[in-house]
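Just so it is clear, the model here is predicted, and its values are computed rather than measured. As the structure lists them, so they are numbered: ligands from 1, and atoms in each ligand from 1.
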Amino acid sequence: MARIVMKFGGTSVADVDRIKNVARRVKTEHDAGNEVAVVVSAMAGVTNQLVDYCRQVSPLYDAREYDVVVATGEQVTIGLLAMALQDLGVAARSWCGWQVPVMSDGVHGKARILEIDTADMVRRMKDGQVAVVAGFQGLGPDNRITTLGRGGSDTSAVALAAALQADRCDIYTDVDGVYTTDPRIVAKARKLDKITYEEMLELASLGAKVLQTRSVEMAMKHRVRVQVLSSFVDAPGTLVCDEDEIVEKELVSGIAYSRDEAKITLVGVPDRPGVAAAIFGPLSDASINVDMIVQNVSEDGTSTDLTFTVTKADLDRAVKVLTDKRDELKFARLVPDSNVVKVSVIGVGMRSHAGVAQTMFSALATKGINIQVISTSEIKVSVLIAEEYTELALRALHTAYGLDAA
Ligand code: ASP
Ligand code: MG
């Protein structure tokens, strides 16, 4: 007997038949003698619709009222799933976030969970009742409803698993696990049996949209074993776990890409102390995140070129911030470029092996792909290349690191 949290995303509860299908899966775990808490998202598309209503009524909406509106999607699903379970003869009741309660901070629209009081829930689960909990919802310090940011029900599930000290947190979704790279681009992508928290965190933050990044941080912090699997097929998925649990470590576990990058080059920047601070200070004041940075060697000792990346959404603002400061920064030209993609190879095996970056550089060189910017961290090497080479680069790297499925 185990205590498990099962989480079902929007596509898994997209219509009444799918909700009944979810109920059957929950019943199977419950019949096996497990204590079960289920976390659900809103039905597919519902949250988008609710967000859209808010924007239509008031473009500069009050974030507290936005939360009241968008949190309702999940309330519908918990009620329907509890009914579906009852119809299968399973004792079940629904829990809104505030009923648990899932206490959060007061950052409406993107709140963080502070504490979950599970005492009442545990008592009922021990009596054989399935707890059906609304994901995404919290209760703020001022007693108002909060939401946890888009995709936040993953975080709800992991946080609940941590609070319940659950043996497992199974995240059911529309893919059957975590892949070595995007299978829509690389046909030979493989499903991973296991991946470490660190690697998953990199993949999630680099745009692999399987799990909300925050949920992975939470899982890592509390050592919650998370399994990502499909609600439509009966097969084990990918386990996100501690490094110790993985016997055969690959050098590179996954290759991610993000099209959400844009590059800015400042040509002819004076080469003297304080220049980087003068450039990046105003950007950070404007809450613009800078990711990769390279500064060229100055040929004549007086001026240099500086290249860096921001998100595509921030590009126009970044250009404006810097252009406004042109007199002070004294650069000759500013060259924006949104036609770029960041490709990253990720693997904890890199910590103990040399040559991982070199494999990447030569694989790209062989395909004639020019690398514009490079950045590295302990378990990741990222390069910026022209966007039109995304597919070619992913396939070449997947082969170069020996990741292709047989
Ligand atoms: N329903 C929310 C959303 O669409 C939360 C979630 O699905 O994780 O963002
Ligand atoms: Mg999701």
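Among the atoms of E74, some N or O lies under 3.5 angstrom from an N or O of ligand 1. The distance criterion of under 3.5 Å between nitrogen or oxygen atoms is met by S153 with respect to ligand 1.
Less than 4.0 angstrom separates some heavy atom of G151 from each of these atoms of ligand 1: 3 (C), 5 (C), 6 (C), 8 (O), 9 (O). Within ligand 1, the atoms closer than 4.0 Å to a non-hydrogen atom of R150 are 3 (C), 4 (O), 9 (O), numbered from 1 in the order shown. In the vicinity of S41, heavy-atom distances shorter than 4.0 Å reach the ligand 1 atoms 6 (C), 7 (O), 8 (O).
Evaluation of the side chain to side chain donor-acceptor pair (under 3.5 Å) rule for S156 yields no partner, not counting sequence neighbours. Residues that satisfy the salt bridge (Lys or Arg N to Asp or Glu O under 4.0 Å) test with D337, not counting sequence neighbours, are K263.
Ligand 1 lies within reach of G152, whose nearest heavy atom is under 4.0 Å from it.
Residues L85 and H30 have side chains not in contact (no heavy-atom distance under 4.5 Å, counting atoms from C-beta outward).
A salt bridge links D324 to K320: one of the charged nitrogens lies within less than 4.0 Å of a carboxylate oxygen. In this structure, R144 pairs ionically with E65, as a charged nitrogen and a carboxylate oxygen lie closer than 4.0 Å.
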